[in-house]
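For reference, the structure discussed in these notes is given below.
In the text below, chain A, chain B and the rest are named by the order of the sequence lines, each starting its count at 1. From a predicted model like this one, the values you see are computed outputs, not experimental measurements.
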2 protein chains.
Amino acid sequence: MKNSTQKTRSVTVSDVAREAKVSKATAARVLGGYGVVSDKVRTDVMTAAKTLDYRPNELARSMTTGKSGIIGVVVGDIENPFFSLAVRGITDAARAAGFNVILANSGEQIEVEKAAVRLLISKRVDGLIVTPSESRDVSHLRDINRSGRPLALLDRALPDLDVDTVTVDDLDVAMRATRILVDAGHRHITYVTAVDAEGSEYQDLGQIYTSSVRERIEGFLAVCRDAGIDRPERYVRLGATSPEETRKVATKLLSSLDRPTAILASDSLIALEIFKAIRQHGLRVPEDISLITFHDADWTSVTTPPITVVDQPVYALGKSVAELLIRRLKGEVRAPERLILPTVIIERGSVGPPATATQVSKISG
Amino acid sequence: MKNSTQKTRSVTVSDVAREAKVSKATAARVLGGYGVVSDKVRTDVMTAAKTLDYRPNELARSMTTGKSGIIGVVVGDIENPFFSLAVRGITDAARAAGFNVILANSGEQIEVEKAAVRLLISKRVDGLIVTPSESRDVSHLRDINRSGRPLALLDRALPDLDVDTVTVDDLDVAMRATRILVDAGHRHITYVTAVDAEGSEYQDLGQIYTSSVRERIEGFLAVCRDAGIDRPERYVRLGATSPEETRKVATKLLSSLDRPTAILASDSLIALEIFKAIRQHGLRVPEDISLITFHDADWTSVTTPPITVVDQPVYALGKSVAELLIRRLKGEVRAPERLILPTVIIERGSVGPPATATQVSKISG
DNA sequence: TTATCGAATGAGACCGGTCTCAATCACTAA
DNA sequence: TTAGTGATTGAGACCGGTCTCATTCGATAA
């Protein structure tokens with residue numbers, strides 16, 4: 001049984017040195033695992049450390065070394081299964097390379113994101129992985145680079161920030177997903193996404209400051225136009241930023257006279273609320289409404305019918321971006337890399353032909 | 001535009017002091033926001049800091065103060081919606097009080113948990129919140145106390161560690177859930193939980209080192225016995241530690257001749273796999289098998305039928321434990337508190353009467 | 001006019017490590 | 001025998017802040 005006389009001050013290198021009757025420098029050498037020491041001194045110091053129950057102060061250590069062994073991660077929403085899975089990918093890669101991870105949540109709010117980045121930098125993390133919530137304001141991300149720490153971007157590219165970036169093939173897969181719907185005969189397809197916007201009205205791509213969201217909308221619109229759908233922009237709905245907001249959007253959509261025959265949801269949280277809303281409106285999937293969502297969330301396979309999903313390689317996304325960052329942390333010098341991971345669509349049972357003869361509704365404007 | 005001549009070394013208090021033509025001590029006073037300075041000096045220093053783009057080094061700061069403004073959180077599995085929701089509760093409470101959160105994942109492995117605790121202590125977090133994965137080995141948790149930092153326990157109590165603890169009413173709610181099943185006529189109810197054990201065979205409570213798991217099993221067994229079920233211990237299944245393992249357990253359970261008529265799952269991840277397995281075996285819920293699960297995961301309301309769940313106040317759990325810890329961090333002195341939050345059961349459509357006339361299967365032993 | 005006082009500031013120790021550089025030592029080669 | 005060598009060890013500066021204590025200064029009181 002060890003009893004600590006003073007519980008306030010912790011045991012330091014000097015204490016151990018004194019106990020082992022060597023100099024502070026020598027004790028530090030064996031405790032820190034650097035330099036050379038004789039075997040006798042090593043065992044002496046080690047036993048002294050054990051007796052005193054010495055614990056290194058990582059803070060002091062990383063203050064002198066400038067390294068902390070920590071990777072800072074800022075994600076939009078850790079409760080979104082998409083991010084929590086990506087984070088596992090990051091954590092696994094980090095642990096394998098001997099790094100630890102500090103996690104911060106931005107809630108997709110640029111100010112919170114800035115504060116988180118500031119905090120992590122001031123804690124002297126070795127590198128950062130961020131899912132930028134906006135492409136308009138990247139000053140804080142520039143600061144990271146300026147501070148000499150490597151930065152890597154997850155899921156969202158920033159055109160004018162040339163750093164390691166790993167994204168998925170959003171444009172292409174959005175096109176493929178939309179085409180599935182078009183091929184099934186749908187001509188009134190609504191795309192619902194989470195971008196914060198006034199009134200959930202979509203005007204043009206200029207409003208969209210997140211690359212992944214933008215690419216998906218582009219892909220969606222391209223295929224719609226290609227299918228001869230007139231002004232598909234009217235069918236893009238923004239503002240599904242929370243379950244409550246999504247419910248509002250969904251309700252408005254489903255109770256409208258001009259109800260879409262198919263919906264494409266930009267993440268599983270949105271899809272879930274839409275699915276619930278469809279049920280509540282007494283509608284059936286896919287007989288009344290077809291549904292496809294991004295992210296193969298666990299629930300999508302247990303509904304009746306199971307949902308057709310865009311299955312992004314989320315774990316790999318996290319793992320790759322972490323590996324890219326770690327390679328740089330280990331001293332690798334190279335031009336920033338932009339990885340785009342291929343994405344697969346899992347067709348299940350939520351897509352069918354449109355309920356009635358397709359009416360290409362026209363609204364004069 | 002600011003251009004940094006040397007990007008390696010960062011701007012320090014001394015640099016600002018020199019620029020403002022005051023002493024380091026004075027500059028530190030205004031930059032650190034302590035002590036007294038004249039208004040003129042304050043503005044001088046502030047402008048100098050702005051010109052140089054000074055950023056405080058939190059590491060150095062917390063080395064001297066001993067405080068970091070960080071709460072360390074160690075959870076079992078951040079991908080489990082239960083934990084990610086609890087973490088949101090913690091984060092919200094922390095942010096409101098001006099604290100930041102560092103998250104670490106233990107994967108329910110005691111060694112990883114120990115390493116995480118060690119890391120967080122060495123990073124000098126102000127306090128810790130832990131969901132202990134084992135009650136057998138709590139030496140590392142004792143160490144936290146010894147290091148003078150407050151510790152609070154989340155979701156799992158430790159009998160011989162007297163610290164702030166917030167749990168839910170596991171025993172009682174397990175009894176209520178089991179009673180719902182018993183009242184529906186079930187006499188062959190299986191309880192599936194995630195404890196790591198050889199062979200997934202349950203012998204006795206001595207095997208169970210997690211208080212919440214233990215209480216639930218106790219509650220389950222008590223009600224079963226009360227209902228005249230003979231040796232209900234045989235119906236407890238351990239080892240559902242991952243989707244794969246759960247699938248094995250479920251398959252074995254469902255393909256056995258002596259198939260249970262109802263299943264109680266200890267978390268939503270387990271329930272999901274069981275639900276999938278039930279489907280794959282061509283069985284129906286609740287006609288062939290009734291199902292209740294702990295945690296009101298989002299998917300439980302969209303299945304057909306929706307699942308009856310034990311709805312723990314998860315967010316409140318996280319929020320309360322963080323608040324308890326923060327009060328202590330702010331200097332409040334009081335005896336450790338043990339909060340037990342009440343839990344509610346949401347009855348949906350996954351419970352019905354047992355399929356056939358109940359056969360109380362007897363195995364001579 | 002001079003002693004007293006409080007506010008503002010400066011000098012320097014300190015936190016707990018790392019790391020450079022010089023000193024010491026045993027031992028080998030000339 | 002003695003200079004030369006490499007391996008160990010010790011002394012002390014340093015990282016970037018905080019904080020104690022002494023000093024300076026102007027203003028007020030005696």
Side-chain angles (χ1 to χ4, degrees), chain A residues 6 8-46 48-49 52-70 119 121-124 126 147-148, chain B residues 6 8-46 48-49 52-70 118-119 121-126 147-148:
Chain A
Q6 65 234 66
T8 42
R9 238 179 55 71
S10 44
V11 179
T12 74
V13 180
S14 303
D15 297 331
V16 176
R18 201 174 313 118
E19 172 82 14
K21 299 192 203 317
V22 296
S23 75
K24 179 187 164 193
T26 303
R29 267 189 274 263
V30 11
L31 261 18
Y34 57 89
V36 267
V37 277
S38 66
D39 288 347
K40 182 191 175 333
V41 169
R42 165 164 290 109
T43 52
D44 282 2
V45 172
M46 290 309 271
L52 264 39
D53 191 27
Y54 166 79
R55 314 283 179 95
N57 182 338
E58 293 296 337
L59 237 57
R61 182 168 285 173
S62 54
M63 199 173 76
T64 39
T65 59
K67 321 223 141 298
S68 60
I70 294 186
L119 173 83
I121 291 186
S122 72
K123 295 291 175 194
R124 297 296 192 263
D126 291 347
S147 80
Chain B
Q6 65 234 63
T8 41
R9 237 179 55 72
S10 44
V11 179
T12 74
V13 180
S14 303
D15 297 331
V16 176
R18 200 176 311 118
E19 172 82 12
K21 298 192 205 315
V22 295
S23 76
K24 179 187 164 194
T26 304
R29 268 188 273 264
V30 10
L31 262 16
Y34 58 91
V36 266
V37 276
S38 66
D39 288 347
K40 182 191 173 335
V41 170
R42 165 165 290 109
T43 52
D44 283 1
V45 172
M46 289 311 270
L52 264 37
D53 191 28
Y54 166 79
R55 315 283 180 93
N57 182 339
E58 293 297 338
L59 237 57
R61 182 168 285 174
S62 55
M63 200 172 78
T64 38
T65 58
K67 322 221 137 301
S68 60
I70 295 185
R118 214 174 306 135
L119 173 84
I121 291 187
S122 72
K123 295 293 176 193
R124 297 296 191 264
V125 295
D126 292 347
S147 81

Sugar-phosphate, base or nothing in reach of B:V37, heavy atoms under 4.0 Å: sugar-phosphate
Distance in angstrom units between B:R18 CZ and C:dT9 P, rounded: 19 Å
d(NZ, B:K67; P, C:dC15) in whole Å: 16 Å
Contact under 4.0 Å: A:S38 side-chain N or O vs D:dT9 OP1/OP2: yes
Nucleotide nearest B:Y34 (side chain, heavy atoms from C-beta), chosen from D:dG17, C:dT18, D:dT18: D:dT18
Non-hydrogen atoms of A:V45 and A:L31 that approach each other most closely: CG1-CD1, 3.8 Å
Nearest heavy-atom neighbours spanning A:A20 and A:D44: CB-O, 4.0 Å
Whole-Å gap separating C1' (D:dG16) and CG (B:L52): 15 Å
Length of the CG-C1' vector between A:L59 and C:dC15, whole Å: 10 Å
Heavy-atom donor-acceptor pair, B:K123 side chain to A:S68 backbone, under 3.5 Å: yes
Exercise: identify the closest heavy-atom pair between A:L52 and A:V11: O-CG2, 3.3 Å
Nearest-angstrom distance from the residue atom CG of B:D39 to P of C:dA7: 14 Å
Interatomic spacing from OG in A:S23 to CZ in A:R29 - rounded to 0.5 Å: 6.5 Å
side-chain N/O B:S23 vs C:dG10 OP1/OP2, d < 4.0 Å: yes
Quiz item: B:K24 side-chain donor-acceptor pair to C:dG10 base, under 3.5 Å: no
Sugar-phosphate only, base, or nothing, as touched by B:V11 at under 4.0 Å among non-hydrogen atoms: sugar-phosphate
Sugar-phosphate, base or nothing in reach of B:R124, heavy atoms under 4.0 Å: nothing
Nearest to side-chain heavy atoms of B:A25, which nucleotide of D:dG16, C:dG10, D:dG10: C:dG10
Sugar-phosphate, base or nothing in reach of B:R42, heavy atoms under 4.0 Å: nothing
Gap between atoms CE and C1', on B:M63 and D:dG17 respectively (whole Å): 8 Å
Selected nucleotide, minimal atom distance to B:T64 side chain, candidates D:dC21, D:dG17, C:dG16: D:dG17
A:R61 CZ - D:dG17 C1' separation (whole Å): 20 Å
C:dT18 phosphate, OP1 or OP2, under 4.0 Å from A:T65 side-chain N/O: no
Selected nucleotide, minimal atom distance to B:T26 side chain, candidates C:dT9, C:dG16, D:dG10: C:dT9
Sugar-phosphate, base or nothing in reach of B:V13, heavy atoms under 4.0 Å: sugar-phosphate
Toward the 5' end of DNA chain C, by each residue's nearest nucleotide, B:V36 or A:L31: B:V36
Polar pair under 3.5 Å, donor/acceptor by atom type, side chain A:R29, base C:dG17: no
Non-hydrogen atoms of A:S10 and B:R124 that approach each other most closely: OG-NH2, 3.6 Å
Rounded distance (Å) that lies between atom C1' of D:dG16 and atom CG of B:N57: 6 Å
